[in-house]
Amino acid sequence: MPKSRIRKKDDFTPPPAKTTNLKMNAGRGWVAPLMLAMFVIGLAWIVLYYVSEGDLPIKAMGNWNIVCGFGFIAVGFGVSTQWK
């Protein structure tokens, strides 16, 4: 019985590495500073309320100061969804 021809396989050469010029936060440089600012403002609002025993930041709001502080923090999380 005749033997089939043996095909020579080419040696594997990896594809050339792709070079891409990606800029971090291209066009969204405002996101990280705003996000961190909202976190810090919210935290400072809540801490100030507890340290001053309810007199600061706005005495008339009472316990709603806590909600306001967490609102700033929530806005910070909302802004963080825009970060790439």
Side-chain angles (χ1 to χ4, degrees):
M1 177 167 226
K3 291 185 177 181
S4 62
R5 287 190 242 162
I6 299 174
R7 297 180 195 163
K8 183 179 179 189
K9 293 183 179 180
D10 293 333
D11 293 334
F12 175 75
T13 55
K18 293 181 181 179
T19 56
T20 58
N21 295 331
L22 294 177
K23 292 182 181 179
M24 292 299 291
N25 295 333
R28 295 184 187 240
W30 56 272
V31 174
L34 181 62
M35 175 184 66
L36 293 175
M38 291 293 114
F39 289 155
V40 170
I41 290 170
L43 180 65
W45 193 288
I46 294 170
V47 168
L48 186 62
Y49 174 71
Y50 277 115
V51 169
S52 70
E53 297 178 354
D55 291 338
L56 293 175
I58 302 174
K59 187 174 184 175
M61 286 179 62
N63 287 336
W64 284 98
N65 280 304
I66 298 170
V67 175
C68 188
F70 278 115
F72 278 112
I73 294 171
V75 169
F77 278 115
V79 170
S80 71
T81 63
Q82 298 298 315
W83 193 13
K84 289 187 177 182

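These values consider heavy atoms only, across backbone and side chains, with no hydrogens, waters or symmetry-generated copies.
Here the closest heavy-atom approach between residue Ser80 and residue Met35 is recorded as CB-SD, 3.1 Å. The heavy-atom pair separating Gly42 from Ile73 by the smallest distance is CA-CG1, 3.9 Å. Residues Val31 and Val79 share a closest heavy-atom pair of CG1-O, 3.6 Å.
Atom CG of Asn63 is separated from atom SG of Cys68 by 13.0 Å, given to the nearest 0.5 angstrom. Between Asp55 atom CG and Leu48 atom CG the span is 10.0 Å, to the nearest 0.5 Å.
Leu56 has its side chain out of reach of Tyr49: every pair of non-hydrogen atoms, C-beta onward, lies at least 4.5 Å apart.
Each of Val67 and Val47 belongs to its own hydrophobic cluster when Ile, Leu, Val, Met, Phe, Trp and Tyr are linked at side-chain heavy-atom distances under 4.5 angstrom. Phe70 and Trp64 end up in the same hydrophobic cluster when Ile, Leu, Val, Met, Phe, Trp and Tyr side chains are linked at under 4.5 Å. The hydrophobic clustering, which links ILVMFWY residues whose side-chain heavy atoms are closer than 4.5 Å, places Ile46 and Phe77 together.
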I would like to know whether Phe39 and Phe72 meet ring pair (Phe, Tyr, Trp, His ring centres under 6.0 Å); could you show each step before the answer? CA-CA 7 Å; Phe39 289 155; Phe72 278 112; over 10 Å; no
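Using a distance-only test at 3.5 Å, with no hydrogens or angles considered, a donor-acceptor pair links the side chain of Asn65 to the main chain of Ile58.
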